There are 2 protein chains.
Amino acid sequence: MRLNDLDERIVHALAEDARRSYADIGELVGLSAPAVKRRVDRLRAEGAITGFTVRVDPAAMGWETEGFIELFCRHKTSPADIRRGLSRYPEVVSASTVTGDADAIVQVFASDMRHFERVLERIAGEAFVERTKSVLVLSPLLRRFGSGTPS
Amino acid sequence: MRLNDLDERIVHALAEDARRSYADIGELVGLSAPAVKRRVDRLRAEGAITGFTVRVDPAAMGWETEGFIELFCRHKTSPADIRRGLSRYPEVVSASTVTGDADAIVQVFASDMRHFERVLERIAGEAFVERTKSVLVLSPLLRRFGSGTPS
DNA sequence: GATGAAAACTTTCCAAC
DNA sequence: GTTGGAAAGTTTTCATC
């Protein structure tokens with residue numbers, strides 16, 4: 001599924017401000033409001049656009065502690081198993097299987113260190129997890145995505 | 001800056017669909033549309049809400065290759081130096097200084113492996129970078145934020 | 001925080017390219 | 001197959017209570 005130039009500019013405009021009006025976006029890309037709406041509708045139907053969300057300051061939501069947990073899993077653990085296991089944790093905002101020593105990298109937001117520790121211990125206790133290695137975020141330097149609420 | 005229960009429910013509704021109408025959200029939380037708008041305006045003014053964005057399927061945008069790069073920096077490199085250095089790369093969607101061996105973890109989206117390699121080499125060549133260690137994402141299992149366009 | 005009216009925006013339809 | 005314009009329906013916005 002490839003997007004043409006006009007579509008990309010529309011998506012770019014929405015990425016900057018998803019509540020911008022279709023008329024505004026149209027002016028930006030040289031289209032009328034209905035034409036922009038039709039393209040956005042099509043992009044949603046195709047799955048290129050999966051939704052609209054709010055960009056939140058995690059601290060304001062009470063998520064002050066962030067960290068990455070590397071997962072080392074038991075043999076024969078499938079990506080689907082990991083996904084199933086982790087999806088129950090609202091604190092997990094992202095997880096991926098990766099190349100290298102670890103099997104997966106999990107990004108976690110917690111309210112404080114105690115909360116982070118509790119989540120880490122529960123994840124480490126999952127049946128498919130052999131061991132974990134975690135690092136805490138000291139300062140978030142760059143965040144070019146709309147960090148949705150982890151709950 | 002702490003949010004009360006009503007604010008959290010409004011933010012939660014916007015996180016699910018940022019283009020939902022204020023009347024809809026009001027019905028959900030038991031407020032009139034203008035009352036919801038006033039709270040959203042206040043949350044934006046306070047910085048709790050930093051904006052609205054679109055959730056995109058990275059593959060549809062042509063970003064098929066994802067990876068994490070651990071940065072080991074020269075002595076006396078400040079977080080601000082790292083931030084400055086990395087902000088010029090549109091491929092970098094997130095970066096944080098962390099505890100542990102590495103100084104920072106950088107998340108990168110690239111169009112393909114060749115593109116990823118090029119970005120990796122350029123970052124590794126930055127003056128403040130001593131060495132890097134990178135892992136590639138095999139399958140994205142969970143993504144609970146609106147991954148904005150990395151450009 | 002609610003109400004109500006005016007302005008703006010969204011959405012549909014249809015003719016035109 | 002996609003566009004722009006007009007009309008109808010919603011939503012946003014603001015003054016007022």
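Per chain, numbering begins at 1; letters A, B, ... match sequence-line order. These numbers were taken from a predicted model, which means no experiment stands behind them.
- Rounded to whole angstrom, the span from the NZ atom of B:K37 across to the C1' atom of D:dC14 amounts to 9 Å.
- Neither OP1 nor OP2 of C:dT12 sits under 4.0 Å from any side-chain N or O of A:R38.
- Between the side chain of B:S96 and the backbone N or O of A:V137, no donor-acceptor pair lies under 3.5 Å.
- Note that B:R131 lies in the cation-pi zone of B:F72, set by a 6.0 Å cut-off to the ring centre and a 45° limit from the axis.
- Distances from the side chain of A:P34 to the nucleotides D:dT13, D:dA6, D:dT3 place D:dA6 closest.
- B:D17 has its CG atom 13 Å from the P atom of C:dT10, to the nearest Å.
- Using a 4.0 Å heavy-atom distance criterion, A:R42 is classed as making no nucleic acid contact.
- Positionally, the nearest nucleotide of DNA chain C for A:D24 lies more toward the 5' end than for the other of A:D41 and A:D24.
- Within the structure, a side-chain polar atom (N or O) of A:R19 is placed less than 4.0 Å from OP1 or OP2 of D:dT12.
- Contact of the A:F128 side chain with the A:R74 side chain is not registered, since no non-hydrogen atoms from C-beta on lie closer than 4.5 Å.
- When the P atom of C:dC9 is taken as reference, atom CG of A:L31 falls 17 Å away, rounded to whole Å.
- Among the protein residues, B:S21 comes within range of the sugar-phosphate backbone only, with heavy atoms under 4.0 Å from sugar or phosphate atoms but none that close to a base.
- Here the nucleotide nearest the side chain of A:R39, chosen from D:dT2, C:dG1, D:dG4, is D:dT2.
- Relative to the ring axis of A:Y22, B:R19 places its NZ or CZ within 45° and under 6.0 Å from the centre.
- To the nearest angstrom, C1' of C:dT10 lies 18 Å from CZ of B:R20.
- Side chain of A:H115 to main chain of A:S111: a donor-acceptor pair is present (N/O by atom type, distance under 3.5 Å, no hydrogens or angles).
- Of the two residues contacting DNA chain D, namely B:A23 and A:A35, the nearest-nucleotide position lying further toward the 5' end is that of A:A35.
- Rounded to whole Å, the distance from CD1 on A:I25 to P on C:dT11 is 12 Å.
- Here D:dG4 presents its P atom at 9 Å from CG of A:L6, a figure rounded to the nearest Å.
- As rounded to whole Å, 13 Å separates atom P of D:dT12 from atom CD of B:E27.
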